[in-house]
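The block underneath contains the structure these notes are about, expressed in structure tokens.
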Amino acid sequence: MSECAAVDGRPHGLPVVELLRPNPDVLLETKLQAPRVRKEWVQRPGLVRDLDHCESKLILVDAPAGYGKTTLLAQWEYEAAGSRPFAWISLDRGDDDPARLWQHVICSLQRVFPGLRAAEILRPLHRQAPDVGEALARLVNELSALAAPVVIVLDDYHVIRERRCHDQLGFLLLRLPPSVQVVLSTRADPPLPLGRLRAAGELAEIRMLDLRFTAQEADALIKRVASVTLSPQDLADLVARAEGWPAGLYLAALSLRGHPAPHDFIADFTGGHRYIVDFLAEEVVGRQPEHIRQFLSRTAVLSRFTGPLCDAVAGTSDAGDILDQLERENLFLIALDDHREWFRYHHLFAQVLLAQLARAEPGALPGLHQQASAWHLKHGSVDEAVGHALAAGDAARSVSLIAEHWYRYVDAGRMATVQGWLHSLGDERIGAHPLAAHAAAWTAALRGDRDCVRRWLPVIAAAGNQGPLPDGMRSLRSSATLLDASFGFSGLEPMRRSAAEAVELETNPGSPWYALARAGHGTALYFCGELGAAAAQLELALLSGSSIALVRMLCFATMSLVAVEDGRLDHAEELAHSAREIVADDALGLSESPQASVAAIAVGAVLASQGRLEEARDELESALWSRRQWPGISQWPTIENLLRLALVRVRLGDRPGASVLLGEARDILTSFPDGAGAQLDRLERIERRLAGPARARLAGEPLTERERAVLRLLRGTLSTREIGQELYLSGNTIKTHTRSIYRKLGVSSRQDAIERGRELGLY
């Protein structure tokens, strides 16, 4: 199951850092098992039979808390053992993240079908931009090939609120093979295409009225739990007062254990569900010794727990023994694994215990959450450590944990989890803590939220050189400069200034940010038209030996563009090929990310310079489509893409198409306060050429391919002798070609020939 140990994706944005490839969330095996059958459970053969005979694609078990949804499904699984496998996933709030949700679904399926190719299905989730759609398509194909039917149970689906999770499940439901059923246990109707499934006869529903206990079932429950036989009238009264609510009847049965006057108890059993729970919880908990009551209320802050965790939070030394006792007495303790190491309380019971904690130990809640946070961090559960720190209201600890671990989760495709942390922290506390603003700004930049980046950048910048940061950056000042250098949201000149400052700040060649600073500086210099300086910075980034695949790819691609401008086409082709190889390596997870488009732009530029215009057009159009899917990311590669594609379309005779692209580029460039400098000059040269078709004619016959090659090299700084060496020709031959080029272009100097060649789209 090693391939199911963690989701491993990467962030969005350009450029962006890939640090280590950590494992932020080890697969929780306890989530993939149905609850164990317990002797006090009341058998519900009618409902189990209905489930077993149901052929609907989706089964919705929808009722309020305490109606026995999970118990019913666990009974069905137990009764169906041998006839069909169940892939069970017990959901919690941490699953409100597409990457984690589908990892658990896929790995649960592999538990029951060891031959399932989980690694292949999970591969799209391992990419920098996790592609859940492709993963689900692969999953559907794998499910279609299974020889046996399977039931996928998503228990407690009401904890899922992320819209993408619902959309993805809807996609799956509409494409499932007939042998697969999905069962949702939930407290509220999920936002799925229920009407469409219902109309097609593909939806079966079990709701509150179906789950209410009959008098016969209540009688069986009370006899098993309390060893009490009620009179028919008392039993009818109890069922009527509880309205058949299984949890309320179970609480009543616990309270009836050893009660001297069952009839009097039933007579006093009144009120709505909230009062019933409060009353019965007092009866149940109140009969426990003081140290057990304290243990129960203190550990109620935990969504799941084991003995050592309970000891750390409750201040006990015998939590294992206490848990054994609570399980024997059926005090709402639910085992989460077959070894009975991890447990949780019934949700309603936990709520009552927390209310009692507030009354018995006011002010204790923050300290208990802090203890839980420390224990989870020590044992590698960062997600729960952050959650408890936030629940404790401990802003300093929450910020510290988020600042240290945000990039690990983003790198693993868990962007939604980090966003959830920051949302819980709140804008006010983010604004008050520069480290939190640092994490929030980078997360926003990676998802293309420029307004959010602009909001938090001043907070980071105001903190000055405070550092080093938990994620390895030199300082908060370095964070601010790297953000602007990497994404260029403020304009080209600010991008270049920030990049130069980032280079001065990040001076440790062993730091991953060293390479990013130089890659950002080289990229900014390229867009400013300073090709020689750009190449020098890009080479430094590569020579640093950075393990960051994305930075290497960006360096190779941008160096290829520099080589194209210098006319060194063979070298440009080699560099573009190196960039494309990095993108094609599935293990690096870049193929589906918007950053991959930079390699495609480099390849397209090389193809255009080689005169392979249709191939260049296809490559550049593909890159542009990819970038348009992420409109919030850096606009500078997009402008590069638009201008190069416009030139290709001009050379192919598609002047209207080129005009549309140039208009799009102008809209982007004029949105920047500094006018975008060299890029605006490039745009205007192409616009002049497009506006004056008479200028786009040769004075004489067309240039030969050899003359085109010489003209491309004339753009650089190579001498006549060096151009000859590049083309394996003598210096005299190069001079002959040069004179012919001048004659055909109607010019008399090298610079005029270069400019005329640009106007004619000859490179």
Side-chain angles (χ1 to χ4, degrees), residues 6-7 22-31 89-101 103-104 155-162 165 297-306 308-314 334 336 342-345 347 350-351 353-354 357-358 364-430 433 435-436 439-440 443 470:
V7 174
N23 186 350
D25 198 2
V26 174
L27 179 70
L28 301 176
E29 286 285 336
T30 56
K31 293 167 56 63
I89 305 95
S90 296
L91 301 175
D92 55 43
R93 294 201 182 279
D95 294 306
D96 199 21
D97 182 307
R100 171 165 157 155
L101 172 64
Q103 179 205 9
H104 279 106
D155 194 25
D156 283 342
Y157 189 76
H158 53 268
V159 303
I160 302 299
R161 298 181 181 180
E162 172 63 45
C165 294
S297 61
R298 288 182 176 181
T299 55
V301 305
L302 304 169
S303 59
R304 66 184 187 102
F305 46 82
T306 188
L309 173 57
C310 290
D311 282 334
V313 172
I334 300 171
L336 298 176
W342 283 90
F343 301 88
R344 69 170 176 86
Y345 292 123
H347 297 310
Q351 293 169 12
L353 293 174
L354 287 173
L357 175 68
L365 192 62
L368 296 173
H369 278 299
Q370 287 171 334
Q371 292 290 342
S373 177
W375 189 93
H376 277 296
L377 184 63
K378 180 179 178 180
H379 291 82
S381 302
V382 173
D383 203 342
E384 289 174 285
V386 175
H388 280 291
L390 289 166
D394 189 340
R397 180 176 178 81
S398 299
V399 168
S400 177
L401 289 171
I402 293 170
E404 182 176 357
H405 297 285
W406 69 269
Y407 67 89
R408 297 173 186 264
Y409 279 77
V410 168
D411 191 50
R414 297 282 304 278
M415 177 77 76
T417 295
V418 179
Q419 287 178 253
W421 293 343
L422 293 167
H423 178 75
S424 296
L425 197 59
D427 285 357
E428 184 176 348
R429 283 190 283 189
I430 292 174
H433 292 80
L435 276 178
T443 305

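Just so you know, these numbers use all the heavy atoms, side chains as well, and skip hydrogens, waters and symmetry mates.
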- Message: Between Ser373 and Leu401, is the side chain to side chain contact (heavy atoms under 4.5 Å, CB included) condition met? List the steps.
- Response: CA-CA 10 Å; Ser373 177; Leu401 289 171; 3.9 Å; yes

- Message: Just verifying a value: how many Å separate Ile160 CD1 and Leu101 CG, rounded to the nearest 0.5 Å?
- Response: 5.0 Å

- Message: For Ala440, give me all partners under side chain to side chain contact (heavy atoms under 4.5 Å, CB included), at least two apart in sequence or on another chain.
- Response: Leu422, Ile430, Trp456

- Query: Side chains of Leu302 and Tyr345: closer than 4.5 Å at any heavy-atom pair?
  - Reply: no

- Note on the structure: Taken in chain and number order and not counting sequence neighbours, the residues that satisfy side chain to side chain donor-acceptor pair (under 3.5 Å) with Arg429 are none

- Item | Cationic N near anionic O, under 4.0 Å, Asp156 to Lys31 | no

- Residues forming a side chain to side chain contact (heavy atoms under 4.5 Å, CB included) with Ser297, sequence neighbours excluded: Leu357, Glu361

- Message: Going by side chain to side chain contact (heavy atoms under 4.5 Å, CB included), name the residues that satisfy it together with Ser398, two or more places apart in sequence or in a different chain.
- Response: Ala389, Leu390, Leu425

- Task: For Asp155, check side chain to side chain donor-acceptor pair (under 3.5 Å) against everything at least two apart and list the hits.
- Result: Thr70, Ser185

- With sequence neighbours left out, the residues meeting side chain to side chain contact (heavy atoms under 4.5 Å, CB included) with Ala312 are Trp375

- Give me the one residue out of Asp383, Val386, Ile402 that meets side chain to side chain contact (heavy atoms under 4.5 Å, CB included) with Tyr409. Asp383

- dist Gln371:CD -> Leu309:CG (nearest 0.5 Å) comes out at 10.0 Å

- Correct closest heavy-atom pair for Gln370 and Asp394 would be NE2-OD2, 3.0 Å

- Query: In Å and rounded to the nearest 0.5 Å, what is the CG to CD distance from Asp95 to Glu162?
  - Reply: 12.5 Å

- Message: Could you measure the distance from the CG atom of Asp92 to the CZ atom of Arg344? Nearest 0.5 Å is fine.
- Response: 10.0 Å

- Task: With sequence neighbours excluded, give me every salt bridge (charged side-chain N to carboxylate O under 4.0 Å, His left out) pair touching residues 418-427.
- Result: Asp427-Arg455

- Message: Could you report the tightest heavy-atom contact between Ala392 and Pro366, atom names first, then the distance?
- Response: CB-O, 3.4 Å

- Query: With sequence neighbours left out, what residues match His433 under ring pair (Phe, Tyr, Trp, His ring centres under 6.0 Å)?
  - Reply: none

- Hey, does the side chain of His369 reach the backbone of Leu365 with a donor-acceptor pair shorter than 3.5 angstrom? no

- Message: Walk me through whether Arg304 and Ser90 qualify under side chain to side chain contact (heavy atoms under 4.5 Å, CB included).
- Response: CA-CA 12 Å; Arg304 66 184 187 102; Ser90 296; over 6 Å; no

- Note on the structure: Sequence neighbours excluded, the answer for side chain to side chain donor-acceptor pair (under 3.5 Å) partners of Gln419 is none

- Message: Within a 6.0 Å radius of atom NE2 on His423, are there more than 12 heavy atoms belonging to other residues, nucleotides or ligands?
- Response: no

- Query: Is there a side-chain contact between Arg397 and Leu377, using heavy atoms and a 4.5 Å cut-off?
  - Reply: yes

- Scanning both residues in full, the closest heavy-atom pair of Trp406 with Thr443 reads CE3-OG1, 4.1 Å

- Test side chain to side chain donor-acceptor pair (under 3.5 Å) applied to Thr417 - qualifying residues, sequence neighbours left out: Asp97, Arg414

- Task: Return the orientation label for the His376 and His388 ring planes: parallel under 30°, perpendicular over 60°, tilted otherwise.
- Result: parallel

